[in-house]
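Okay, so here's the structure we're looking at.
Below, each value reflects all heavy atoms present in this structure, side chains not excepted, and no hydrogens, waters or symmetry copies.
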Amino acid sequence: MNEATEPTTAEAAETVDEEQDQPIKGRKNGLYPALSDELAEVMKSGWADTELRDLAPVEQSAYAAKRRAALSARFPGERLVIPAGSLKTRANDTEYPFRAATEYVHLTGDQTQDAVLVLEPRAEGGHDATAYLLPRSNRENGEFWLDGQGELWVGRRHSLAEAEALLGLPTRDVRKVVAELTLAAEEKPATTRIVRSYDAALEAALAEHTTRHGDEELRVFLSELRLVKDEWEVAQLQAACDATAKGFTDVVRELAQAVASSERWIEGTFYRRARVEGNDIGYGSICAAGAHATTLHWVRNDGEVRPGELLLLDAGVETHTLYTADVTRTLPIDGRFDELQRKIYDAVHDAQEAGIAAVKPGARYRDFHEASQRVLAERLVEWGLVEGPVDRVLELALQRRWTLHGTGHMLGLDVHDCAQARTEAYVDCVLEPSMVLTVEPGLYFQADDLTVPEEYRGIGVRIEDDILVTTDGNRNLSASLPRSSTEVEAWMAGLKG
């Protein structure tokens, strides 16, 4: 734009204000097609002042500030934009439950939809951080009761002043963010980066000022920023594991109902605990009975639950702060392993023991995977299922026909946390204290695998725990759940008895 036509920041903000003052249109096919002036006036007044005052910052705010400081130091002089994302339509005018973008949550502690964190570079160095948020619903134009996302429909949200106190961040109306960022990018040119895939309108508005490569560098850095957890995050992950253990206990207590119903009973039982103890499940629960246990991501959960078979339950509670556990246990549905089930289970347990022992500061990330895989390869050779020697099997990765996946991954706000990190910072890294990862070896004998004896077919076993790297070794955050075959049987017997 030329100087004669370019609006100022104030003018752009006024345009947004004018748009917000416009009356809200009713939805199509509503039973009340018209709004009387009298009703509109009645709805404007007579409401108590509900502003919350003297709010203390949330516990996470101090830690989020340190993360923003690290981000600021990595990209000096650059404008950084981190959106929270928006609602996604499930069908017509219903939406999926909102889950804020991990990068945004990590840097703010906030979980609200449509929000945006902006780090604006200062001339003297550093950045000014601002959280752009939706303010309280407008009562003058009827938004609070006429709009589908108005507060009388979906519940009260914090005012900008309340959010500022809770987050320890300056706040602004997010409905002005596109106009303000667009003008800022034109008036104060600076390299601009945005975390993509969360806010199409912002990406389009900043397209001339961003590059795909630059934006990817930002996303990679934010992923690597989560590799080492602070003490607050470790406490959240411990709480997630503790709640998850309760969910597994619930499932064992209700196995009789699952036998009479289906895997769906197991799914629902764990989900109830996740919603009572936390925000949600951290990922789709895998409730795989019988041969379904050989499908790594079995989430249909519509099969029969039969005594004499195994149940592979892979599930995690997500805390109210969005940190998730990721735990797997393979359980004999009638409470006792048969001889072959025990042999396979014990092999996986021994592999997990070897993997956990390899988790320590200074060790390679790959060490726990290789330790677990060696044990499994040894057993497969011993059982005559693959031709040795073991070193040949490992060199050619022949064991993967029955082990299939890697032995673990980083864990945190995402179940597969830090996934955008560089290879050298993740799978080729050296472990540091306060990293949290899973150790989850498994053996899976497909129902149609003609290379193994018939009695093996349809048996799948995985054991997974969440492991914190400590200064002198590791700590199993999910250790409250039994792991060995004898411990599992005794635990189940105690719960049923």
Side-chain angles (χ1 to χ4, degrees), residues 58-60 64 83-91 94-115 149 153-158 166 197-198 226 229 232-251 254 258 263-288 297-302 312-329 409-419 436 438 440 464-466 477-478 480-481:
V58 296
E59 188 178 15
Q60 190 176 356
S86 56
L87 289 170
K88 298 294 185 292
T89 300
R90 182 180 185 274
T94 61
E95 292 85 20
Y96 288 103
F98 178 72
R99 202 276 194 187
T102 293
E103 296 89 349
Y104 176 82
V105 173
H106 192 237
L107 293 169
T108 64
D110 180 50
Q111 298 179 33
T112 55
Q113 68 197 54
D114 301 318
Q149 292 299 313
W153 288 96
V154 299
R156 185 188 190 278
R157 55 184 177 250
H158 287 298
L166 291 168
S197 302
Y198 295 120
R226 303 197 304 275
K229 271 59 180 176
W232 182 85
E233 291 180 290
V234 170
Q236 294 303 304
L237 288 167
Q238 182 64 72
C241 288
D242 292 345
T244 297
K246 293 180 182 179
F248 276 70
T249 300
D250 295 338
V251 167
E254 297 190 15
E263 294 164 342
R264 291 283 168 92
W265 190 279
I266 295 165
E267 179 181 15
T269 298
F270 188 85
Y271 179 72
R272 181 181 66 235
R273 177 62 66 176
R275 290 290 282 166
V276 169
E277 296 278 333
N279 175 63
D280 207 329
I281 50 175
Y283 53 95
S285 299
I286 299 169
C287 308
H297 290 159
W298 177 261
V299 292
R300 298 179 204 171
N301 300 336
D302 58 0
L312 190 156
L313 177 59
D314 184 337
V317 172
E318 177 185 77
T319 65
H320 293 292
T321 56
L322 306 188
Y323 286 79
T324 186
D326 182 7
V327 177
T328 306
R329 289 293 183 269
H409 52 79
M410 293 295 181
L411 184 69
L413 276 168
D414 290 345
V415 65
H416 295 145
D417 207 24
C418 315
V436 180
T438 68
E440 51 174 314
E464 177 181 20
D465 285 272
D466 302 342
L477 301 179
S478 47
S480 62
L481 282 173

Practice item. Could you go through the side chain to side chain contact (heavy atoms under 4.5 Å, CB included) check for Met410 and Val436 one step at a time? Key: CA-CA 6 Å; Met410 293 295 181; Val436 180; over 6 Å; no
Point to revise | Intermediate values then yes/no, side chain to side chain donor-acceptor pair (under 3.5 Å), Thr102 and Asp414 | key: CA-CA 7 Å; Thr102 293; Asp414 290 345; 2.5 Å; yes
Exercise for review: Applying side chain to side chain contact (heavy atoms under 4.5 Å, CB included), run through Arg329 and Glu464 and close with a yes or a no.
Suggested key: CA-CA 7 Å; Arg329 289 293 183 269; Glu464 177 181 20; 5.5 Å; no
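Across every non-hydrogen atom of Ala64 and Leu107, the tightest pair is CB-O, 3.5 Å. When all heavy atoms of Ala100 and Val105 are compared, the pair lying nearest together is CB-CG2, 3.6 Å. Here the shortest heavy-atom pairing between Ala240 and Tyr323 reads CB-O, 3.8 Å. Across all their heavy atoms, Asp280 and Arg275 have their closest contact at CA-CD, 4.2 Å. Heavy-atom minimum distance, Gln60 versus His106: NE2-O, 4.4 Å. Glu263 approaches Trp298 most closely through the heavy-atom pair OE1-NE1, 2.9 Å.
Listed for the Arg273 side chain is no donor-acceptor partner under 3.5 Å among the backbone atoms of Ala245. With hydrogens and angles disregarded, a donor-acceptor distance shorter than 3.5 Å links the side chain of Asn301 to the backbone of Ser285. Listed for the Glu277 side chain is no donor-acceptor partner under 3.5 Å among the backbone atoms of Ala243. Side-chain N or O atoms of Thr89 include none that pairs as donor or acceptor with a backbone N or O of Ala91 at under 3.5 Å. A donor-acceptor distance shorter than 3.5 angstrom exists from the side chain of Thr244 to the backbone of Val317, with no hydrogens or angles considered. Side chain of Lys88 to backbone of Pro97: no donor-acceptor contact under 3.5 angstrom is found. Checked by atom type and distance alone, the side chain of Gln238 pairs as donor or acceptor with a backbone atom of Leu477 at under 3.5 Å.
Note that SG of Cys418 is 4.0 Å distant from NZ of Lys229, once rounded to the nearest 0.5 Å. Atom-to-atom distance recorded for Thr319:OG1 and Leu413:CG is 8.0 Å, nearest 0.5 angstrom. Note that OH of Tyr271 is 13.5 Å distant from SG of Cys287, once rounded to the nearest 0.5 Å. Interatomic distance, CG of Asp326 versus CG of Asp417, reported as 11.5 Å (0.5 Å rounding). Atoms OG1 and CD, from Thr328 and Glu440 in turn, are 6.0 Å apart once rounded to the nearest 0.5 Å. Of the inter-residue distances, the one linking Glu267 atom CD with Ile286 atom CD1 reads 11.0 Å to the nearest 0.5 angstrom.
Side-chain atoms of Tyr283 and Asp314 include a donor-acceptor pair closer than 3.5 Å. A donor-acceptor contact closer than 3.5 angstrom is absent between the side chains of Gln111 and Tyr104. Gln236 and Thr321 form a side-chain donor-acceptor contact under 3.5 Å, judged by distance and modelled atom types alone. A donor-acceptor pair shorter than 3.5 Å cannot be found between the side chains of Asp466 and Thr438.
Look at Asp114 and Arg157 and you find no salt bridge, because none of the NZ, NE, NH1 or NH2 atoms lies under 4.0 Å from a carboxylate O. A salt bridge links Glu318 to Arg99: at least one charged side-chain nitrogen sits closer than 4.0 Å to a carboxylate oxygen.
Side-chain contact check for Ile266 versus Leu313: some heavy-atom pair is nearer than 4.5 Å.
With sequence neighbours left out, the ring pair (Phe, Tyr, Trp, His ring centres under 6.0 Å) criterion links His409 to His416. The side-chain hydrogen bond (donor to acceptor under 3.5 Å, both in side chains) check on Arg272 picks up Glu254, with sequence neighbours excluded.
Between Trp265 and Phe270, the ring centre distance reaches or exceeds 6.0 Å.
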